[in-house]
Each structure stands twice: as structure tokens, then as C-alpha cells.
Amino acid sequence: MDEKKVSRREIIKMSLLTGTGIAIGASGLGSIATMTEAFGDTAEQPKKKDNTIPFYGKHQAGIITPQQTYTYVAAFDLQTDRKQEVIDLFKQWTQLSAVMSAGQVEHAYENDWLPPKDTGEALGLTAAKLTVTFGLGSSFFEKDDVDRYGILKKKPRHLKPIPAMPRDGLEDPYIGGDVCVQVCAEDQQVAFHAIRNMIKTGIGKAEVKWLQSGFISAPKGETPRNLFGFKDGSANVPATNQDALNQIVWVDDDKQNWMNGGSYLAFRRIQMFLEVWDRSSLKDQEDTFGRKKLSGAAYGKSEEHAHVNEEKLPPNSHVRLAKSTGQEIYRRAYSYTDGVNPRTGAIDAGLAFISYQKNPDKQFVPMLKKMSLRDNLNEYTKHVGSALFACPKGVQKGEYIAQGLLED
Ligand SMILES: C=CC1=C(C)c2cc3[nH]c(cc4nc(cc5[nH]c(cc1n2)c(C)c5CCC(=O)O)C(CCC(=O)O)=C4C)c(C)c3C=C
Ligand SMILES: [Fe+2]
């Protein structure tokens with residue numbers, strides 16, 4: 001790690017002590033390297049443990065990490081046909097992700113005559129449990145029938161676009177993408193700063209295809225409610241249940257070793273017709289899911305996490321259909337709002353559905369197919385975006401993301 005890395009809180013503290021840089025705009029925090037030297041190497045400043053999620057590890061952070069309040073997911077299309085440029089970009093993105101996840105800034109304010117490397121809106125803020133998660137789309141490997149980086153033979157087994165569904169209403173640009181970056185944090189400004197600086201780093205090599213924001217909120221320890229007012233995520237296995245996660249989330253059988261320890265991210269942007277929903281009776285709403293609105297309990301039960309008896313649920317209810325596949329996925333969805341539709345005046349809002357699974361062909365796609373045909377929920381929703389990404393295994397210090405794919 002570079003010596004000139006310094007914690008965001010430390011920058012503010014040092015500038016207060018020296019009286020040099022608190023007026024960021026005026027003084028420009030022009031020589032953070034000098035300040036760093038004056039105060040010794042702050043690269044490994046201890047962080048408030050509960051505010052950082054380690055970037056390095058066996059698995060990428062942001063997959064089974066307890067869900068943070070805010071997300072930005074960006075899909076990029078690569079603009080280069082040179083593998084070395086992709087490697088350079090992935091190295092830069094990896095380094096930046098590690099630095100930001102630790103709540104630090106790097107080479108931010110060294111030169112009065114150059115644009116600052118870091119955009120600055122997270123200065124003084126903690127890491128806010130920031131995670132950065134990378135995924136690769138099938139078009140990363142092959143576009144217009146071209147093996148663009150000579151790595152098509154290394155494509156993970158289950159990586160392909162999600163098949164078209166009968167009721168799909170997919171809208172440009174929310175379809176696919178060569179690379180995705182999911183950032184999540186407990187502070188929206190920290191999350192935005194992270195995705196913005198990833199985008200900035202990619203300029204000239206990676207163009208943003210779509211950018212999806214999202215939020216959730218719930219009392220501590222409780223399941224967040226979606227914009228239909230229902231607890232969403234109740235049936236997820238606990239993130240502490242390693243055996244279940246190995247069964248559901250982590251790839252372990254790919255011929256590609258860089259993928260083992262990774263997962264597949266399924267993304268659907270699902271518009272929710274709030275005005276239609278708000279006019280439907282409580283019974284209709286509960287019959288849609290097969291769960292009670294207030295408690296989140298399945299029909300026939302009184303507790304949210306009690307075992308679900310499929311027979312007790314309405315035939316085409318959402319939960320009954322999902323369960324009838326016999327498959328499980330790990331959901332990490334966020335609500336979104338995006339103004340109003342100028343044509344209809346309806347609120348543009350919905351669910352940025354994200355799930356992780358080890359085998360989308362077996363787990364996710366059959367579920368989606370069944371739901372697309374028969375789900376009671378379809379009366380109130382429209383799927384407008386779709387993408388599948390292969391998320392490589394975690395990164396070790398000194399490595400970069402997907403190194404095993406890009407190097408022999
Ligand atoms: C293909 C997978 C799924 C899509 C797409 C999906 C969309 C979607 N879901 C809700 C709200 C709820 N979903 C709930 C449960 C649930 N949903 C899926 C899968 C998809 N959902 C699964 C696998 C499950 C769990 C089934 C089980 O094993 O019990 C629930 C109930 C509470 C819960 O367990 O989370 C709600 C509520 C919306 C609003 C939505 C699209 C907009
Ligand atoms: Fe669902």
C-alpha cells in the first residue's frame with residue numbers, strides 16, 4: 001500500500017491541528033503528502049472497526065455482508081479492445097476500492113495545478129461500511145461474436161444473459177453490461193462518492209451504461225420493508241450459516257478457479273405500480289404474497305420466520321411460486337424511486353432486485369420463469385431491466401480483481 005494514503009477523518013484532524021487545510025476550497029489541502037510526512041505514515045491508521053468492512057478476503061464483500069442502507073450499481077461497457085488496458089483499469093479499480101473501503105483517500109490533494117484525484121465529498125466521513133463488488137457480464141467475454149480479449153475459453157459455465165420472459169418490458173439502457181460495480185454503504189454520500197470515483201477512474205476505458213440507486217431501511221435487527229409495505233428478505237438464510245451459503249451462494253465447481261469462491265449476481269429493475277397497489281384491499285395485498293402485511297408471517301403462521309407451509313398459501317401467490325421450485329437464492333434487493341412519469345403522472349418507483357446464487361440456471365431462472373407466467377404480483381409490477389454478472393472470488397492483498405482470469 002502506498003505511503004501517501006491517509007484516512008479521511010485524519011485529513012480533517014490534521015488540518016485542524018496545523019490550521020492548514022480546513023478551508024478546503026481556499027487552501028486546497030494542497031500538500032497532503034507533506035502533512036502526512038509531518039504526522040508520520042498514517043496509511044494504516046486504525047479505523048473504528050464497526051465502520052469498515054474488509055475489502056480483501058476469500059469472497060468479495062457486499063454479497064453476504066449485512067445489507068447496508070444505500071446502494072449504487074453501475075454497469076459499464078468497455079471501450080477498449082486491448083486486454084492490457086482492461087488489466088490496468090482493474091488494477092486501478094481494485095486499489096481505489098481497497099482505499100475507499102478503509103475510509104481513506106489516496107494522493108488526493110498533492111498538486112495545486114492538477115484536478116484533485118479524489119472528488120472530495122467524502123472527506124471527514126467514515127468508511128460507513130462501504131463495500132465494492134465487481135461482476136462480469138457475458139459481453140465482457142464475447143461481443144458481436146468476437147472473443148474480444150482472447151479469454152472466451154475461460155468464461156464461467158453459467159454466464160449468459162437472463163433468457164427473455166413472456167411479460168418482460170425491458171427498456172434501454174437497463175440491459176446487461178460488460179462489467180458491473182455494486183457499491184453499498186450506510187451513508188448515501190459515501191456510496192455516491194465511491195461510485196463516482198470508480199466512474200471517474202474508468203473514463204476513456206469504461207463507459208457507464210446504466211446506474212441504479214437504491215435504499216432500504218428498517219429498525220435494527222428487523223427485515224426491511226419494500227415499497228408495497230411488506231417485509232422483504234424474510235426467507236433469506238442467515239449470513240452466519242456457512243453450510244447454507246455454500247449450498248446457495250458460493251460457486252465451488254467451476255473449471256475456472258478465479259470463479260470458485262465467487263457468485264452470480266442476478267439483477268432485475270422491477271417497476272412497482274404504487275398507485276394501483278395502494279387502491280387494492282389489504283386481503284388482495286396479502287394474497288399476492290401469501291404473507292401477512294404487518295407481521296410478515298406466512299399464511300397459517302404467526303411469526304415472520306416460522307416455517308412456511310406452501311399448502312396454506314394462495315395458488316399463484318409470490319412466495320408459493322418461489323417455494324414450489326424447490327430452489328433457494330440469496331436476495332439483496334433495494335427499493336428505488338426515480339421521479340414521476342411525465343406522461344402518466346405516476347411515481348416511477350420499484351425494486352432493484354438483486355440476488356446472488358451459485359447456479360443461476362438451476363436456481364434463479366426457473367423461479368423467474370414460473371413467476372413471469374403466473375405470479376399474482378405481475379398485476380402490480382413490470383420488469384424493465386435485466387442483467388446477469390459473474391462475480392469473481394475475493395481479492396487477496398497484492399492482487400487485483402479477476403487476476404486469475406486476465407493472467408495465465
Ligand atoms: C426470481 C426471483 C424473484 C423476483 C424477481 C422477486 C421479485 C419481488 N419480490 C418481492 C417481494 C417479496 N418477495 C418475497 C419472497 C421471495 N421472493 C423470491 C424471489 C423473487 N422475488 C423468493 C425466492 C422469495 C422467498 C420465498 C420463500 O422461500 O419463502 C417476499 C416475502 C418475504 C420474504 O421472504 O422476503 C416478498 C414481500 C417484490 C415486491 C418483487 C418485485 C418487485
Ligand atoms: Fe420476491
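In this chain, numbering begins with 1 at the start of the sequence shown. Counting convention: from 1, in listed order, for ligands and their atoms alike. Bear in mind the structure is a predicted one, so any value in this text is a computation, not a measurement. Hydrogens, waters and symmetry mates play no part in the numbers below; they use all other heavy atoms, side chains included.
With sequence neighbours excluded, no residue forms a side chain to side chain donor-acceptor pair (under 3.5 Å) with Lys362. Residues satisfying the side chain to side chain donor-acceptor pair (under 3.5 Å) criterion with Asp287, sequence neighbours excluded, are Lys283, Tyr299.
Using a cutoff of 4.0 Å between basic side-chain nitrogens and carboxylate oxygens, Asp187 and Lys129 are not scored as salt-bridged. Comment: Asp147 does not engage Lys153 in a salt bridge, judged by the lack of any side-chain N to carboxylate O separation of less than 4.0 angstrom. A salt bridge does not link Asp361 with Arg157: every distance from a Lys NZ or Arg NE/NH1/NH2 to an Asp or Glu carboxylate oxygen is 4.0 Å or more.
Using a 4.5 Å heavy-atom cutoff, the side chains of Ser97 and Phe134 are in contact.
Trp93 and Phe76 have their aromatic ring centers within a separation under 6.0 angstrom.
For the residue pair Tyr72/Gln188, the side-chain donor-acceptor check at 3.5 Å is satisfied. No side-chain donor from either of Gln271 and Tyr380 sits under 3.5 Å from a side-chain acceptor of the other.
Within 4.0 Å of ligand 1, protein heavy atoms belong to Asn226, Phe230, Lys231, Asp232, Gly233, Ser234, Ala235, Ile270, Met272, Phe289, Arg291, His318, Val319, Ala322, Lys323, Ile329, Arg331, Leu351, Phe353, Phe364, Met367, Leu368, Met371, Leu377, Thr381, His383, listed by chain and number.
Around the Fe ion (ligand 2), the protein N, O or S atoms closer than 2.8 Å are His318 NE2, listed by chain and residue number.
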